[in-house]
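As a basis for the values below, the full set of heavy atoms in this structure was taken, side chains included, without hydrogen atoms, waters or symmetry mates.
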Amino acid sequence: MLLAAPQPASAANLVKNPGFETAGTDDMPYCWEKSGWGDNDFTFTTTSDAHSGSKAMKVELTRRVDGDRKALITESAECAPVVTAGKQYDLGLWYKTTTPDASITLFRHDTTAGWQYWTDLKTLDMRAGWTQATVRTPEVPAGTDRITWGVSVYGTGSATTDDYTMEQVADPVPDPVCTGTAEECANGRWDVLPTKNPVRSMHSVVLKNGKVLLIAGSGNSEEMFEAGTFTSAVYDPANGSYKVIPTPDDMFCAGHVQLQDGRVLVMSGNKAYPAADGSHGYEGYKDSYIFDPDTETYIKTNDMNDGHWYPSATVLGNGDVISFGGLREDSTGSVTAELWSDAEQQWQPLWKVNQTWSYWGLYPSMILMQDGRLFYSGSHVFGNNIPGTGSAIYDYDANTITQIPGLQKKDERDQSASVLLPPAQDQKVLTIGGGNIDSNPDANRLTDIIDLKQANPSHVAGPPLPQGTVDLGNGKVPETGDQGKMYVSAVLLPDGKVLETGGALNNRANPVYEASIFDPETETFDPVAADPEARGYHSSAFLLPDGRVMATGDNPGNGSWNHNVSIYTPPYLLKGPRPTITSVIDTEWTYGDTQRITVDRPIAKAELIRPAAVTHSSDPNQRFVDLPLSVDGNNVDLNVTSNPNLAPPGWYMLFAVDANGVPSVAKWVHLQGPSAMAAASGDTSSGHASAGHGTSDDAPSANIHSFADSLDGKVTGPGKKRTSQAVSPTVSGCDRHYGSANVCVPTVFPAEVRATTAARCAWLKAHDYGRLEVNGKDDPLRLDPDKDGLTCRKGDLRRR
């Protein structure tokens with residue numbers, strides 16, 4: 001809770017030898033040790049230039065290529081302060097620095113895994129004279145019994161520190177009074193809005209002004225495609241209105257990402273629907289556009305080097321965007337990596353972009369790591385995963401791919417969801433559910449968790465998804481056995497948890513009604529109220545600035561579309577009054593900065609959440625960045641990460657959250673600054689994915705730690721240059737011998753459907769397919785035995 005000054009429950013300083021006055025061994029004071037890593041020249045000096053007493057600690061780097069050096073409280077039972085899981089602690093020290101590259105760094109002792117890095121809390125401003133720094137830790141994670149901390153120096157120069165303090169924060173306020181029904185306060189509430197979404201949108205982007213861009217293109221309708229009817233809409237949550245936007249191309253199944261200035265880069269889309277004769281499948285065009293939220297118009301950019309229907313799109317720490325995968329203009333798989341330069345505001349020519357000539361599939365989930373590498377989680381769209389383990393770390397600078405082990409059933413993670421768990425500083429990724437539209441098994445309830453802070457990370461099985469009900473065509477029934485869901489939506493919430501919602505059991509069929517909230521601290525799911533609307537293929541769910549969640553879409557195999565929009569009110573909005581951010585001193589934020597806000601009542605934490613840009617269960621840029629607090633009454637100083645790879649430049653929603661997990665309405669802030677600007681203004685021809693490492697006063701570098709640096713998996717470099725990857729024209733799991741292109745008769749029916757004409761026709765009828773024409777003379781599913789060109793008529797059922 002907020003206090004006029006930090007006043008912990010116990011006034012005892014938990015740091016032993018806080019002023020370095022007591023001598024120890026190895027030229028270090030008692031209960032302090034030398035620490036650090038990397039290629040650098042350094043000194044540790046116990047100096048008489050003290051804030052109080054006769055001694056202080058000076059750590060200096062005279063040369064640095066990478067890494068850091070720090071004086072830490074000794075990692076021992078004798079010296080490291082004891083902490084309590086779930087509690088917070090106020091840390092303080094006095095310092096002088098000659099470098100902007102110094103920060104307060106914490107390590108924690110896990111009772112099972114031992115000592116490990118926890119987080120960076122605060123970047124220290126350069127100061128020639130003694131200056132006090134204070135900061136509040138996040139809640140201590142479960143399983144932690146001790147912590148240690150100190151000041152990391154990660155640029156040339158020195159930091160001199162003295163008079164450390166550590167005190168436990170007072171217990172939180174009492175539990176609030178529920179303002180809804182008991183059921184709502186436990187599980188939240190869904191409301192279906194009275195106004196329908198006017199477009200068949202399968203892309204949802206929350207804009208810097210709080211409105212939502214809903215992109216349909218042709219909306220998976222061949223009739224609209226042939227008519228050249230391409231649509232988008234802008235939804236305003238403030239008044240519930242929609243504005244239909246002229247859309248220049250068929251952005252159906254394009255890629256999209258928010259640029260650092262808040263505009264939206266939309267790449268590729270649908271050049272052609274599949275041919276009935278199987279001569280070609282979907283085709284991706286090279287066109288690219290920028291949507292401007294201020295004018296609500298699309299602006300053409302230069303073309304990409306290749307077509308990319310279903311591409312990835314990941315923003316990097318310097319504001320550039322990298323993209324992989326998708327289908328080319330000839331329906332084959334694209335092996336071309338594309339790089340958008342933020343500095344040049346255009347796609348780079350092929351010769352400027354590192355290439356491995358690898359095919360990553362469709363909408364591969366490529367998540368930016370804290371050191372600038374990309375983690376491919378294994379979540380993808382359509383059919384089987386990539387060869388090997390199905391998960392990898394891609395290093396752009398080295399141009400290498402290293403396989404990562406442990407992903408369960410890697411070929412049944414089609415339209416699973418992967419998300420970087422809160423906070424981003426923890427570098428853990430959760431993967432949820434999935435299926436396979438080709439073999440069409442029942443979707444699974446698998447989850448996988450990976451800790452990218454480990455030297456050699458691998459996926460570990462997480463808790464199974466809770467089960468709900470499924471509509472198999474004859475009404476809802478409970479899920480059984482290992483039934484889970486694909487087409488999952490995963491949404492980061494401001495209380496630090498994750499909502500998973502929506503989904504279906506099979507390829508564009510059999511919606512699953514289930515939602516739950518995942519707690520990263522306990523790694524458990526808590527079932528909550530389920531969206532009453534079907535949310536399968538082409539559905540999305542995403543966080544609004546007021547803390548609610550919006551869900552749209554559903555496009556089952558019969559070609560229909562669900563225009564109803566649902567809004568989820570999480571339980572935290574039913575716990576009484578919300579805290580309010582009454583002022584934000586500055587909405588232009590800089591990396592490593594301290595920004596002050598005022599609040600109307602006590603808060604326990606604050607964070608930045610990157611607004612959604614989601615489609616097909618995929619939003620690899622979604623992230624929750626913790627902002628450690630320094631508290632002075634109702635004034636709260638927020639300590640911004642110095643690492644742009646943790647929070648790539650752009651517009652963010654700023655939430656303040658009280659001790660009961662109740663969030664404020666978000667304020668919008670714009671994050672960029674010296675690190676990002678220095679990287680963006682450098683050599684963009686390399687497409688360098690990591691932050692700059694300059695040490696000048698106006699360009700502080702990020703405190704990047706040594707994680708995932710001892711990988712055992714198979715490593716591959718660039719392969720032989722090639723044009724494309726062969727891809728079947730049935731990549732979307734639909735048999736095009738029947739009906740129009742926007743109707744999806746499955747190439748493989750669910751396992752419970754017998755391989756007879758009668759059983760298949762009964763399944764199609766239960767799922768509202770209607771009577772379908774046969775395209776051409778082939779009838780591979782035996783739906784037209786009487787060969788009259790129409791499926792499932794009486795003559796067909798008699799002949800079987």
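- Checking side-chain atoms of D320 against main-chain N and O of D342 turns up a donor-acceptor pair under 3.5 Å.
- The shortest non-hydrogen separation linking S539 to G536 is OG-O, 2.7 Å.
- The closest side-chain heavy-atom distance from L446 to R413 is below 4.5 Å.
- Without hydrogens or angle criteria, N621 side chain to A313 main chain gives a donor-acceptor distance under 3.5 Å.
- Counting only heavy atoms from C-beta outward, the side chains of L213 and H256 never approach each other to under 4.5 Å.
- The number of heavy atoms from other shown groups lying within 6.0 Å of NZ (K765) does not exceed 12.
- A donor-acceptor contact shorter than 3.5 Å is absent between the side chain of Y487 and the backbone of S416.
- Using a 4.5 Å heavy-atom cutoff, the side chains of S232 and F291 are not in contact.
- Summarising the local packing, CD of E773 is surrounded by 12 or fewer heavy atoms from other residues, nucleotides or ligands at distances under 6.0 Å.
- Taking 4.5 Å as the limit, every side-chain heavy atom of Y242 sits out of range of all side-chain heavy atoms of V244.
- Atom CD1 in I322 sits 8.0 Å away from atom OG1 in T314 (nearest 0.5 Å).
- In this structure, a donor-acceptor pair under 3.5 Å is absent between the side chains of T231 and T247.
- Under 3.5 Å, the side chains of S516 and E500 contain a donor-acceptor pair of N or O atoms.
- Between P274 and P729, the closest side-chain pair of non-hydrogen atoms is not below 4.5 Å.
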Show your reasoning for whether side-chain contact (heavy atoms from CB on, under 4.5 Å) applies to V774 and L783. CA-CA 9 Å; V774 180; L783 301 179; over 6 Å; no
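- In terms of heavy atoms, G733 sits closest to D438 at CA-OD1, 4.1 Å.
- One N or O on the side chain of R760 and one on the backbone of L781 form a donor-acceptor pair closer than 3.5 Å.
- Side-chain atoms of N506 never come within 3.5 Å of backbone atoms of A509 as a donor-acceptor pair (strictly under, hydrogens ignored).
- Between W561 and H563, the ring planes lie tilted relative to each other; the angle falls in the 30° to 60° range.
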| Verdict with reasoning, V470 to Y513, per side-chain contact (heavy atoms from CB on, under 4.5 Å) | CA-CA 6 Å; V470 56; Y513 299 86; over 6 Å; no
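- Between Y769 and W763, the two ring planes are tilted [angle within 30° to 60°].
- When atom types are taken as modelled, the side chain of N385 and the backbone of G378 share a donor-acceptor pair closer than 3.5 angstrom.
- The aromatic rings of H203 and H616 sit tilted, their planes meeting at an angle between 30° and 60°.
- Summarising the geometry of W347 relative to V321, their closest heavy-atom pair is CZ3-O, 4.4 Å, with the distance given to 0.1 Å.
- Aromatic ring pairs are classed by plane angle as parallel below 30°, tilted from 30° to 60° and perpendicular above 60°; the pair Y537 and F382 is tilted.
- Here the side chains of V429 and V419 are not in contact, with every heavy-atom distance at 4.5 Å or above.
- Pairing each heavy atom of V353 with each of Q348, the nearest pair is CG2-CB, 3.9 Å.
- Between the side chains of N220 and N555, at least one donor-acceptor pair of N or O atoms lies under 3.5 Å.
- Using a cutoff of 4.0 Å between basic side-chain nitrogens and carboxylate oxygens, R445 and D442 are not scored as salt-bridged.
- Taking 4.0 Å as the cut-off between side-chain N and carboxylate O, D294 and K208 count as a salt-bridged pair.
- Taking the six-membered ring for Trp, F624 and Y652 have ring centres at least 6.0 Å apart.
- Judged by distance alone, the side chains of S377 and S418 do bring a donor and an acceptor atom under 3.5 Å apart.
- Note: Y298 and Y289 have perpendicular aromatic rings, judged against thresholds of 30 and 60 degrees for the angle between ring planes.
- Pairs of residues two or more places apart, or lying in two chains, that qualify as salt bridge (charged side-chain N to carboxylate O under 4.0 Å, His left out) and include a residue from residues 252-267 are D261-R263.
- In this structure, D779 contributes its side chain and D784 its backbone to a donor-acceptor pair below 3.5 Å.
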Are S732 and Y282 close enough, and set up right, to give a side-chain contact (heavy atoms from CB on, under 4.5 Å), and what steps lead you there? CA-CA 9 Å; S732 59; Y282 285 102; 3.8 Å; yes
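- Across every non-hydrogen atom of G484 and L505, the tightest pair is O-CD1, 3.7 Å.
- Contact annotation: the side chain of H380 never approaches that of W360 to less than 4.5 Å [non-hydrogen atoms, C-beta and beyond].
- Between Y363 and Y310, the ring-plane angle classifies as tilted under the 30° and 60° cut-offs.
- Rounding to the nearest 0.5 angstrom, the gap separating the CG atom in N444 from the NZ atom in K485 is 12.0 Å.
- Side-chain atoms of D277 come within 3.5 Å of backbone atoms of S279 as a donor-acceptor pair (strictly under, hydrogens ignored).
- There is no side-chain donor-acceptor pair under 3.5 Å between T747 and D735.
- Donor-acceptor pairing under 3.5 Å is recorded for the side chains of N270 and D250.
- A distance of 8.0 Å separates CG of L421 from CG of L492, quoted to the nearest 0.5 Å.
- In this structure, the ring of Y376 has its center no less than 6.0 angstrom from the ring center of Y394.
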What verdict does the side-chain contact (heavy atoms from CB on, under 4.5 Å) test give for M550 and V565, after you've listed the backbone C-alpha separation in whole Å, the side-chain angles of each residue and the deciding distance to 0.1 Å?
CA-CA 7 Å; M550 180 172 172; V565 174; 3.6 Å; yes
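- Under the 4.0 Å criterion applied to side-chain N and carboxylate O atoms, R328 and E283 are not assigned as salt-bridge partners.
- The closest side-chain donor-acceptor pair between S724 and T332 falls under 3.5 angstrom.
- A donor-acceptor contact shorter than 3.5 Å is absent between the side chain of S312 and the backbone of S365.
- Checked by atom type, the side-chain pair T431/D448 shows no donor-acceptor distance below 3.5 Å.
- Across all their heavy atoms, Q258 and P611 have their closest contact at OE1-O, 3.0 Å.
- From L350, atom CG reaches atom CG of N305 across 5.0 Å, with rounding to the nearest 0.5 Å.
- S540 places no side-chain N or O within donor-acceptor distance of the main-chain N or O of T615, the cut-off being under 3.5 Å.
- Between the side chains of R535 and T552, not a single donor N or O lies within less than 3.5 Å of an accepting N or O.
- Y235 does not carry K211 over the face of its six-membered ring by the limits of under 6.0 Å from the centre and within 45° of the normal.
- The distance from the CD1 atom of I437 to the CD atom of Q415 is 7.0 Å, given to the nearest 0.5 Å.
- If you check the side chains of S489 and T501, you find no donor sitting under 3.5 Å from an acceptor.
- Rounding to the nearest 0.5 Å places NZ of K286 at 10.5 Å from CE of M304.
- Taking the side chain as every heavy atom from C-beta outward, V743 and Y738 never approach each other to under 4.5 Å.
- For the residue pair N742 and S221, no side-chain donor N or O sits within less than 3.5 Å of a side-chain acceptor on the partner.
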